[in-house]
Protein chains: 2
Amino acid sequence: MKFRVKLIPVRMDRSSAIMSQEDAEELGVLVGDRVKLVFGKKSVIADVQIATGLIERGEIGICRTITDYLEIEDGGEVELYPVSKPASVEYIRKKMDGHKLTKEEIFAIIKDIVNNALNEIELSAFVLSDYFHGMDFDEIEWTTRAMIDTGETLTFERGIVVDKHSIGGVPGNKISLLIVPIIAASGLLIPKTASRAITSASGTADTMEVLANVSLSVDEIKEITERVGGVIAWGGATNIAPADDKIIRVEYPLSIDPKPQLLASVMAKKGAIGAKHVVIDIPVGAGSKVPTVEKGRELANDFVELGRRLGLNVTCVLTYGGQPVGRTVGPALEAWEALKALENAKPPRSLVEKALGVAGTLLEMAGITVNGIEHARKILESGKALEKFREIVEAQGGDPNIKSDDVPIGDKTYQFTSPIDGAIAHVDNKRIVKVARAAGAPKDKGAGIMLHKKGGQHVKVGDPLFTIYAEKEWKLDRAVELAMREPPVVVSGMVLEKYPSYRYI
Amino acid sequence: MKFRVKLIPVRMDRSSAIMSQEDAEELGVLVGDRVKLVFGKKSVIADVQIATGLIERGEIGICRTITDYLEIEDGGEVELYPVSKPASVEYIRKKMDGHKLTKEEIFAIIKDIVNNALNEIELSAFVLSDYFHGMDFDEIEWTTRAMIDTGETLTFERGIVVDKHSIGGVPGNKISLLIVPIIAASGLLIPKTASRAITSASGTADTMEVLANVSLSVDEIKEITERVGGVIAWGGATNIAPADDKIIRVEYPLSIDPKPQLLASVMAKKGAIGAKHVVIDIPVGAGSKVPTVEKGRELANDFVELGRRLGLNVTCVLTYGGQPVGRTVGPALEAWEALKALENAKPPRSLVEKALGVAGTLLEMAGITVNGIEHARKILESGKALEKFREIVEAQGGDPNIKSDDVPIGDKTYQFTSPIDGAIAHVDNKRIVKVARAAGAPKDKGAGIMLHKKGGQHVKVGDPLFTIYAEKEWKLDRAVELAMREPPVVVSGMVLEKYPSYRYI
């Protein structure tokens with residue numbers, strides 16, 4: 001059937017063809033069915049949507065993404081006919097019923113995810129099937145390979161490529177800003193792609209962006225890595241393993257992260273950049289993604305096995321994730337603290353030792369040394385790591401002379417003090433993140449939290465517990481109010497709430 | 001934050017607020033998060049969507065459904081802030097993890113489904129959780145009650161209300177057009193709400209619409225039922241158990257119908273119209289929804305138990321669903337055949353006996369007689385059922401003098417004949433439906449299939465097997481071509497395909 005184009009002046013990812021109820025019946029299609037729009041030699045597949053009232057019979061509402069692609073104007077005429085679902089929908093049905101998928105079926109699904117050929121219902125069904133039924137190792141391996149093959153990849157002419165990944169969930173985990181320069185200074189290559197915060201207060205990409213540009217293309221990542229040994233770039237600016245971002249869009253609203261997807265997504269990124277040795281940091285503890293050591297070991301085994309299948313040498317380190325790493329949470333505060341560590345200016349041990357532990361493991365795996373931690377410590381304490389970090393910052397378009405105290409931090413602050421004598425009983429990861437986000441992180445780079453005391457330390461009445469930083473007064477107020485209602489740092493014996501009316505004592 | 005309204009000139013069911021990436025970051029929201037739009041004293045919750053290029057900073061793209069509701073113009077200013085997910089999303093998460101829901105949690109979910117407060121991902125997660133984990137009887141009962149309570153209900157001052165429902169899947173099942181007048185003629189009340197075809201060639205509402213208006217309000221259904229004893233209306237025109245339609249929108253793209261949803265959806269409609277006695281027709285056989293007698297019995301037990309909990313007297317009848325009921329498939333052809341049966345003009349036994357079996361069961365349940373089938377047969381053969389049917393047609397605005405031969409059938413036809421001597425080995429339900437839909441059914445009322453032979457009957461070379469009817473030549477061609485490629489009626493010994501090139505012999 002022929003339709004007259006009615007341009008809907010927005011751009012959307014998923015392609016919709018909006019039509020009248022009558023035309024949908026005439027075509028024999030329902031909402032969510034697919035139609036093919038043909039104009040000249042170009043065609044595009046779109047989902048049927050029904051709009052009442054404003055789309056007339058014979059009209060098809062399509063957004064600018066489609067009209068631009070078809071090179072058709074508002075009022076132009078397209079040919080339109082129903083097409084069947086892609087075969088991948090059948091494979092998703094198969095997985096829903098608990099059957100094992102073949103390599104070809106998994107490749108078809110991942111390819112259709114990347115090409116936006118699946119709608120949200122179908123994509124949800126795929127992710128939820130993995131959540132409910134899991135995947136065996138063959139399926140996980142195929143998913144990983146499919147995610148690599150449907151995106152860009154990196155190859156280096158010379159050098160040994162290594163990488164690290166931290167499973168999310170623990171706030172303040174800015175270790176990559178120490179590890180990358182230590183590794184690069186040792187002569188290995190580390191083209192680190194990092195993520196931005198989704199639900200956290202700062203992703204490594206957000207933190208690095210305080211000091212340099214992180215939106216680098218795959219070519220730029222390659223060039224800088226070959227020149228200075230390392231890079232800290234935002235993975236989302238590249239087309240590396242692009243299926244991951246689309247899958248996250250479904251996982252996020254449901255707050256799920258099925259293990260097969262977690263494994264595949266992490267390892268696809270490592271495989272795509274050609275890493276030979278990889279350390280996976282698995283923070284374990286209340287409020288992190290992995291609550292117990294047993295679960296941590298299980299996940300570690302899975303990573304090692306998947307690495308073996310893909311030809312990657314993987315070591316997992318279980319780390320303490322029960323409270324933030326270091327004392328700061330929020331992009332600028334974390335960049336400030338990482339610089340302090342590189343400057344050897346009394347940095348917190350929880351940050352430095354963790355970074356050295358991971359970097360040292362990589363150095364040992366790559367055969368640089370048999371005592372990785374001490375080797376890494378030397379690079380850090382000699383100032384070579386700071387020097388290398390400044391080279392990296394400069395290569396990414398930042399100021400190579402940056403000092404920790406130059407980092408601009410939010411100038412609106414509020415300090416919480418201890419209401420009683422006692423010891424810090426609990427620093428709550430989730431509440432820390434909630435308060436930091438209320439203060440404006442990660443969008444407002446200067447917003448966040450600095451912890452003056454951490455778990456187990458003794459305090460007296462009036463001692464500072466933590467300070468909230470913000471760039472805007474109203475966001476500070478919002479964060480302070482939240483922190484009073486839901487205290488992120490608890491002193492043992494402290495009254496938390498009073499009923500009927502509650503307030504922070 | 002304040003935003004300037006940019007009107008997107010369509011109406012959509014789900015409310016979206018389309019904004020720029022920058023504004024989404026400023027607000028700290030991601031695609032799929034909720035925001036509240038406030039204008040004057042009115043407010044509405046919408047899903048965040050990001051559109052690049054055409055929505056500028058400070059602008060919010062919303063469709064006409066929202067602007068009309070808020071009574072705001074293009075260019076007007078709304079206040080907008082993030083809100084958290086409804087509590088029902090937490091309950092869906094709980095069900096995803098296999099936990100039993102409480103009554104209050106189920107009511108909250110169903111209410112949010114009816115109010116369009118859940119997005120497609122969340123709704124998919126709910127339906128898929130039911131698919132994967134099932135529901136226990138408490139949950140099914142609460143779902144049913146929630147579906148009843150979130151919609152309109154019917155109460156009658158006098159009389160005994162009965163109803164029937166056929167589980168879908170078997171084509172040509174026009175028995176309601178016989179049962180409703182038989183029951184109404186017996187003095188019982190039967191306010192039958194029926195569905196339109198979703199994937200079939202004709203729903204009962206499509207078939208009845210050939211003869212009368214089926215878009216009746218709840219008030220009209222009540223008035224006509226009280227006056228003439230029965231009605232055959234389209235349920236979709238009412239607001240009875242409206243959650244069902246929304247749930248079907250997710251089930252349809254995945255071709256699933258989880259048992260808890262099936263049970264709740266059928267029984268909610270029966271409960272909402274105040275039925276006291278209900279017969280559920282469960283067609284069993286290859287190509288129907290219930291493949292084996294064992295599965296049919298299981299489902300029957302579930303319906304009876306759910307009825308007991310709701311205070312409805314339920315009897316299930318297992319019927320043969322391995323091939324079409326009667327000889328016709330498609331709205332007008334089915335109306336024609338039902339009228340033939342009411343006129344006692346040599347109707348097919350598979351149609352009449354099935355209708356009498358179901359009607360007879362209802363008569364016995366309501367205490368009208370101890371020999372239901374014979375009582376029903378008398379009403380049919382005496383012409384009282386035809387007389388009552390004409391009253392119903394007239395009450396629904398149709399022509400009370402309608403005769404079977406007046407029903408307009410598609411005038412483009414193509415007859416398939418047997419290529420060999422033999423017996424009918426197989427009449428394929430799914431292929432029959434596919435061909436009838438290709439011919440234009442259910443949209444083109446006159447389109448469909450008439451079977452000249454059914455399973456087991458003997459044929460000679462050249463004997464007519466079936467005829468395709470269509471209203472449009474191109475649809476007839478399409479259907480004929482499909483029927484040649486995928487023969488819906490198979491004579492034992494017949495060559496079906498030839499390779500490398502295939503054709504119907």
Side-chain angles (χ1 to χ4, degrees), chain A residues 6 8-13 18 22 24-28 30-33 47 49-55 61 63-65 68 85 89-90 92-93 96-98 119-125 127-129 131-133 198-199 249-256 437-438 440-444 475, chain B residues 6 8-13 16 18 22 24-28 30-33 47 49-55 61 63-65 85 89-90 92-93 96-98 119-125 127-129 131-133 198-199 249-256 437-438 440-444 475:
Chain A
K6 177 158 187 169
I8 312 293
V10 292
R11 283 173 202 277
M12 309 289 278
D13 251 21
I18 309 171
E22 294 77 13
E25 284 172 16
E26 182 69 40
L27 280 164
L30 296 170
V31 171
D33 280 342
D47 285 346
Q49 299 288 342
I50 309 277
T52 36
L54 287 126
I55 298 282
C63 82
R64 198 177 288 274
T65 316
D68 279 4
K85 294 172 195 178
V89 175
E90 263 318 296
I92 291 172
R93 285 285 290 116
M96 279 167 60
D97 289 340
N119 64 34
E120 287 196 330
I121 295 169
E122 293 152 352
L123 185 53
S124 302
V127 174
L128 284 164
S129 296
Y131 183 76
F132 289 120
H133 294 304
I198 298 178
T199 55
R249 271 189 230 172
V250 174
E251 294 176 343
Y252 166 69
L254 301 174
S255 317
I256 57 169
R437 287 181 68 95
K443 165 72 180 168
D444 299 348
K475 290 190 183 178
Chain B
K6 178 156 184 170
I8 312 293
V10 293
R11 282 173 202 278
M12 309 289 277
D13 251 18
S16 290
I18 310 172
E22 294 77 13
E25 284 173 16
E26 182 69 38
L27 280 165
L30 295 170
V31 170
D33 280 341
D47 285 346
Q49 298 289 342
I50 309 277
T52 35
L54 288 126
I55 298 282
C63 83
R64 199 177 287 274
T65 316
K85 293 172 197 180
V89 175
E90 263 319 296
I92 292 172
R93 284 285 289 116
M96 278 167 60
D97 288 341
N119 64 36
E120 286 195 332
I121 295 169
E122 293 152 353
L123 185 53
S124 302
V127 174
L128 284 164
S129 295
Y131 182 75
F132 289 119
H133 294 306
I198 297 180
T199 54
R249 272 191 228 171
V250 174
E251 294 176 343
Y252 166 69
L254 301 173
S255 317
I256 57 170
R437 286 180 69 95
K443 166 73 181 167
D444 298 346
K475 290 189 183 179

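Worth saying up front: this structure is predicted, and the values here are computed from it rather than measured. Chain naming here is simple, since letters A, B, ... match the order of the sequence lines and numbering starts at 1 in each.
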With a 4.5 angstrom heavy-atom cut-off, is it the side chain or the backbone of [X] that approaches chain A, or both, or neither?
{"X": "B/Tyr131", "result": "side chain"}
{"X": "B/Val250", "result": "both"}
{"X": "B/Ile198", "result": "both"}

Less than 4.0 Å between a side-chain N and a carboxylate O, is that true for A/Glu26 and B/Lys475?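 The answer is yes: the pair qualifies as a salt bridge.
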Considering all heavy atoms, the nearest [X]-[Y] contact:
{"X": "A/Ile121", "Y": "B/Arg249", "value": "CD1-O, 3.8 Å"}
{"X": "A/Ala125", "Y": "B/Leu128", "value": "CA-CD1, 3.4 Å"}
{"X": "B/Ser255", "Y": "A/Lys85", "value": "OG-NZ, 3.8 Å"}
{"X": "B/Leu30", "Y": "A/Tyr252", "value": "CD1-CZ, 3.4 Å"}

Count the heavy-atom pairs under 4.5 Å between each of [options] and chain B, then report the option with the highest count.
{"options": "A/His133, A/Glu90, A/Arg437", "answer": "A/His133"}
{"options": "A/Ser124, A/Gly98, A/Pro442", "answer": "A/Ser124"}
{"options": "A/Val127, A/Val89, A/Asp444, A/Asp97", "answer": "A/Asp97"}
{"options": "A/Gly440, A/Gly61, A/Ser129, A/Gly32", "answer": "A/Ser129"}

Measure the spacing between NZ of B/Lys443 and CD of A/Glu25 and express it to the nearest 0.5 Å.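 Here the interatomic distance stands at 5.0 Å.
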Say you draw a straight line from CD of A/Glu120 to CD of B/Glu122; how long is it, rounded to the nearest 0.5 Å?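 Between A/Glu120 CD and B/Glu122 CD, I get 10.0 Å after rounding to 0.5 Å.
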Against chain A, work out which of B/Val31, B/Ile92, B/Leu254, B/Asp33 has the most heavy-atom pairs shorter than 4.5 Å and name it.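 Among B/Val31, B/Ile92, B/Leu254, B/Asp33, the one with the most close pairs to chain A is B/Leu254.
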Please look at A/Thr199 and chain B and tell me whether the side chain, the backbone, both or neither of the residue comes under 4.5 angstrom of a heavy atom of that chain.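 No part of it gets close to chain B.
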Kindly assign one of parallel, tilted or perpendicular to the pair A/Phe132 and B/Phe132, based on the angle between their ring planes and the thresholds 30° and 60°.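 Rings of A/Phe132 and B/Phe132: tilted, 30 to 60°.
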In the structure I gave you, are the side-chain heavy atoms of B/Arg93 and A/Ile256 within less than 4.5 Å of one another anywhere?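 Of all side-chain heavy-atom pairs linking A/Ile256 with B/Arg93, at least one is under 4.5 Å.
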